[in-house]
Chemist: 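Pasting in a structure now, in structure tokens, and then I'll have a few things to ask.
Small disclaimer: the values here were computed from a predicted structure and weren't measured. We name chains A, B, ... by the order of the sequence lines, and we start the count at 1 in each one.
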There are 2 protein chains.
Amino acid sequence: MATASLSRKERERLRHKEEILAVALKLFSEKGFHNVSMQEIAEESEFAVGTLYKFFEGKESLFAALMGSCAGRISDILMPILEEEVDERKRISNYIKAHEQIIADHVPTIRLYLSENLSSALTVRPDVEPETDAVREIIHQKLSDIFKSGMRKGIFKDAGPWMATLSLSAMLESFVFAVIKSPGQISVEDGLSRVEEIFFKGSLRHSSA
Amino acid sequence: MATASLSRKERERLRHKEEILAVALKLFSEKGFHNVSMQEIAEESEFAVGTLYKFFEGKESLFAALMGSCAGRISDILMPILEEEVDERKRISNYIKAHEQIIADHVPTIRLYLSENLSSALTVRPDVEPETDAVREIIHQKLSDIFKSGMRKGIFKDAGPWMATLSLSAMLESFVFAVIKSPGQISVEDGLSRVEEIFFKGSLRHSSA
DNA sequence: ACATATTGTGAATTATTATTCATAATATGA
DNA sequence: TCATATTATGAATAATAATTCACAATATGT
């Protein structure tokens, strides 16, 4: 058995698991965690309810797995960009632009990531944080580091790295949010370059006062 | 009966209703809509379940009433500021500063407003929008108008009023969010003035490039 | 072809919770 | 005080949905 790749059987099982996850992603992202039943996931994925429990311990666990993979996929796009060997301003600029790809590739992914994440950040939930929250944290940490060193070099104003991170994330997430809500209405490239403009140079015309 | 003020009985009933709403606000804001049962609200408010149904048609309706009043209270603070007869920049500046009061006065209110609002914006919910969403819309519209006229006058860069509104709201909401999550950790006044700084003048030191 | 192991099934079980309603408590007015 | 109306109660009901498990289908190796 122990080949580098898995046995046919194992691969098949994997595929099944992923089919279930795909359906679950679709449903959860459309209707929210509490408004999707295991029945529904089972029907849509053409498995029996019992089968779902062969793959996941329960609904929570299935959801957690989903969030984990969403967070992972987003992180895979964003992290490399934050680690490129270019100057701080360029890294932030690339980071902003990368959101175009994120939007294009993974609408349901972000939909789920954003919606369930934003709300559960406040609401106390004894579950589903570990993986997901960690990714968010790591990205924010990375951003914060970039701002910190950028501030030392005099590229950025010293508005506090944390505040800069918070502001940029907020603007980006909100924008992504808006695009997903009304797809097609907004030019993504355009919007992102405006986010960049405002974030870097501000909204005032004469920054004198 | 028809006095300007209500009869003792009616006032009493009102008080009861408000007690229930207060408890519901506390619970919903802590645990989220789906994780609070009518039983729980009943126990905490020292009424019987049945009594809740004398005041509200059901759980959804109770929640909707709550969201309505939250939105109303927030709107009551924010709208007058957006309508003051001062120049556009000042109005936005005051708007930002007003969030200090919002945070100070109504923590559970905003907690609920933000958490349930952000998540349900994406998730399809066949319910609870009317009042709440309307308030959000109105405030955004007002902000957008201010930016538009400010842009005409050359006070703001022409980054599109919608984009400016989106960015500012995002930064403010995110900040409020963060403060609520870790109370005491952050100086609100300080944070808001940094939001203002970044939003107006940007994060770059030399806006030349 | 057969025995064995693995994987899938879905009706039945169990839990939870929103909602109802017959009844009790209380207030009101004669 | 008594009859009536109003308001509150909470055990019982009804729905919904997560989870289990005895069994069926299928695959694997001999």
Side-chain angles (χ1 to χ4, degrees), chain A residues 1-3 6-24 26-28 30-67 116 123-128, chain B residues 1-3 6-25 27-28 30-67 116 123-128:
Chain A
M1 37 158 179
T3 341
L6 305 80
S7 72
R8 193 177 62 71
K9 221 159 128 183
E10 284 169 315
R11 270 181 294 129
E12 182 119 301
R13 207 174 145 72
L14 238 301
R15 276 224 342 278
H16 289 178
K17 187 168 180 172
E18 267 152 23
E19 272 171 50
I20 293 170
L21 281 172
V23 168
K26 172 168 165 286
L27 292 176
F28 281 137
E30 277 168 3
K31 313 170 48 168
F33 180 75
H34 289 283
N35 301 315
V36 176
S37 69
M38 292 300 265
Q39 274 299 341
E40 214 173 339
I41 299 174
E43 276 163 31
E44 194 89 2
S45 63
E46 295 175 280
F47 286 100
V49 242
T51 310
L52 304 193
Y53 286 85
K54 299 277 170 170
F55 288 99
F56 306 95
E57 301 219 339
K59 196 185 175 188
E60 293 277 358
S61 154
L62 163 48
F63 184 76
L66 207 51
M67 287 299 281
E116 291 295 335
T123 291
V124 184
R125 295 219 288 176
D127 46 41
V128 204
Chain B
M1 36 160 180
T3 340
L6 304 82
S7 72
R8 192 177 62 71
K9 221 158 128 185
E10 284 169 315
R11 269 182 294 130
E12 184 119 299
R13 207 174 145 72
L14 237 300
R15 276 225 340 279
H16 288 177
K17 186 168 181 172
E18 266 153 24
E19 273 171 49
I20 293 170
L21 280 172
V23 168
L25 172 58
L27 292 175
F28 281 136
E30 277 168 2
K31 312 170 49 167
F33 181 76
H34 289 283
N35 301 316
V36 176
S37 69
M38 292 300 264
Q39 274 299 340
E40 214 174 339
I41 299 174
E43 276 163 32
E44 194 88 2
S45 62
E46 297 175 278
F47 287 99
V49 244
T51 310
L52 304 193
Y53 285 86
K54 300 277 171 175
F55 288 99
F56 305 95
E57 302 218 339
K59 195 185 176 189
E60 294 278 358
S61 155
L62 164 48
F63 184 76
L66 207 50
M67 287 299 280
E116 292 294 337
T123 291
V124 183
R125 296 219 287 175
D127 46 41
V128 203

Chemist: Taking all non-hydrogen atoms of both residues into account, name the closest pair between A48(B) and A42(B) and its distance.
Modeler: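 Heavy-atom minimum between the residues: C-CB, 4.0 Å.
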Chemist: Expressed as a whole number of angstroms, how long is the span from L52(A):CG to dT20(D):P?
Modeler: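 Result: 13 Å.
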Chemist: Using 30° and 60° as the class limits, which term best fits the ring planes of F28(B) and F33(B): parallel, tilted or perpendicular?
Modeler: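 Aromatic pair F28(B)/F33(B) classed parallel.
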Chemist: Could you tell me whether the side chain of L66(A) reaches within less than 4.5 Å of the side chain of F56(A), counting heavy atoms only?
Modeler: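 In short, these two side chains do not touch, never coming nearer than 4.5 Å.
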Chemist: If you restrict it to nitrogen or oxygen atoms, what contacts under 3.5 Å exist between nucleotides 26-29 of chain D and the protein, and what is each distance?
Modeler:
| from | atom 1 | to | atom 2 | distance (Å) |
| --- | --- | --- | --- | --- |
| dT28(D) | OP1 | R8(A) | NH2 | 3.1 |

Chemist: Could you give the distance from CG (L62(B)) to CE (M38(B)), rounded to the nearest 0.5 Å?
Modeler: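 Here the interatomic distance stands at 5.5 Å.
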Chemist: E43(B): what forms a salt bridge (charged side-chain N to carboxylate O under 4.0 Å, His left out) with it, not counting sequence neighbours?
Modeler: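 E43(B) satisfies salt bridge (charged side-chain N to carboxylate O under 4.0 Å, His left out) with no residue once adjacent residues are dropped.
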Chemist: Under a 4.0 Å N-O cut-off, is there an ion pair linking E10(A) with R13(A)?
Modeler: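 Salt bridge between E10(A) and R13(A), a charged N being under 4.0 Å from a carboxylate O: no.
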Chemist: Can you pull out the residues from residues 15-22 of chain A that lie within a 4.0 Å heavy-atom distance of DNA chain D?
Modeler: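 Those residues: none at all.
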Chemist: Test of understanding: with side-chain hydrogen bond (donor to acceptor under 3.5 Å, both in side chains), list the residues that count as partners of K59(A), not counting sequence neighbours.
Modeler: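 side-chain hydrogen bond (donor to acceptor under 3.5 Å, both in side chains) check on K59(A) returns nothing, list empty.
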Chemist: Would you give the length of the straight line joining atom CD of E44(B) to atom CD of E19(B), rounded to the nearest 0.5 angstrom?
Modeler: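 One gets 12.0 Å once the value is rounded to the nearest 0.5 Å.
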Chemist: Closest heavy-atom contact between I41(A) and S45(A)?
Modeler: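 So the two residues come closest at O-OG, 2.7 Å.
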Chemist: Rounded to the nearest 0.5 Å, how far does OG of S61(B) lie from CG of L52(B)?
Modeler: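 If we round to the nearest 0.5 Å, L52(B):CG and S61(B):OG are 11.0 Å apart.
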Chemist: Between N35(B) and H34(A), which heavy-atom pair has the shortest distance, and what is it?
Modeler: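 Here N35(B) and H34(A) meet closest at OD1-CE1, 3.8 Å.
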Chemist: If a protein heavy atom is under 4.0 Å from the base, mark B; if only from the sugar-phosphate, S; if neither, -; do that for nucleotides 16-22 of chain C going 5' to 3'.
Modeler: --SBB--
Chemist: Before accepting this row, confirm whether a basic side-chain N of the pair R15(B)/E18(B) lies closer than 4.0 Å to the acidic partner's carboxylate O.
Modeler: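 So R15(B) does not pair with E18(B) through a salt bridge.
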Chemist: Under 4.0 Å, heavy atom to any atom of DNA chain D: which of residues 40-48 of chain B qualify?
Modeler: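 Those residues whose heavy atoms fall under 4.0 Å from DNA chain D, taken from residues 40-48 of chain B in numerical order, are F47(B), A48(B).
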Chemist: Using OP1 and OP2 only, check whether a side-chain N or O of R13(A) sits under 4.0 Å from dT6(C).
Modeler: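 No, outside the criterion.
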Chemist: Could you go through V23(B) and F47(B), starting from their C-alpha distance and side-chain angles, then the distance that decides it, and tell me whether this counts as side-chain contact (heavy atoms from CB on, under 4.5 Å)?
Modeler: CA-CA 11 Å; V23(B) 168; F47(B) 287 99; over 6 Å; no
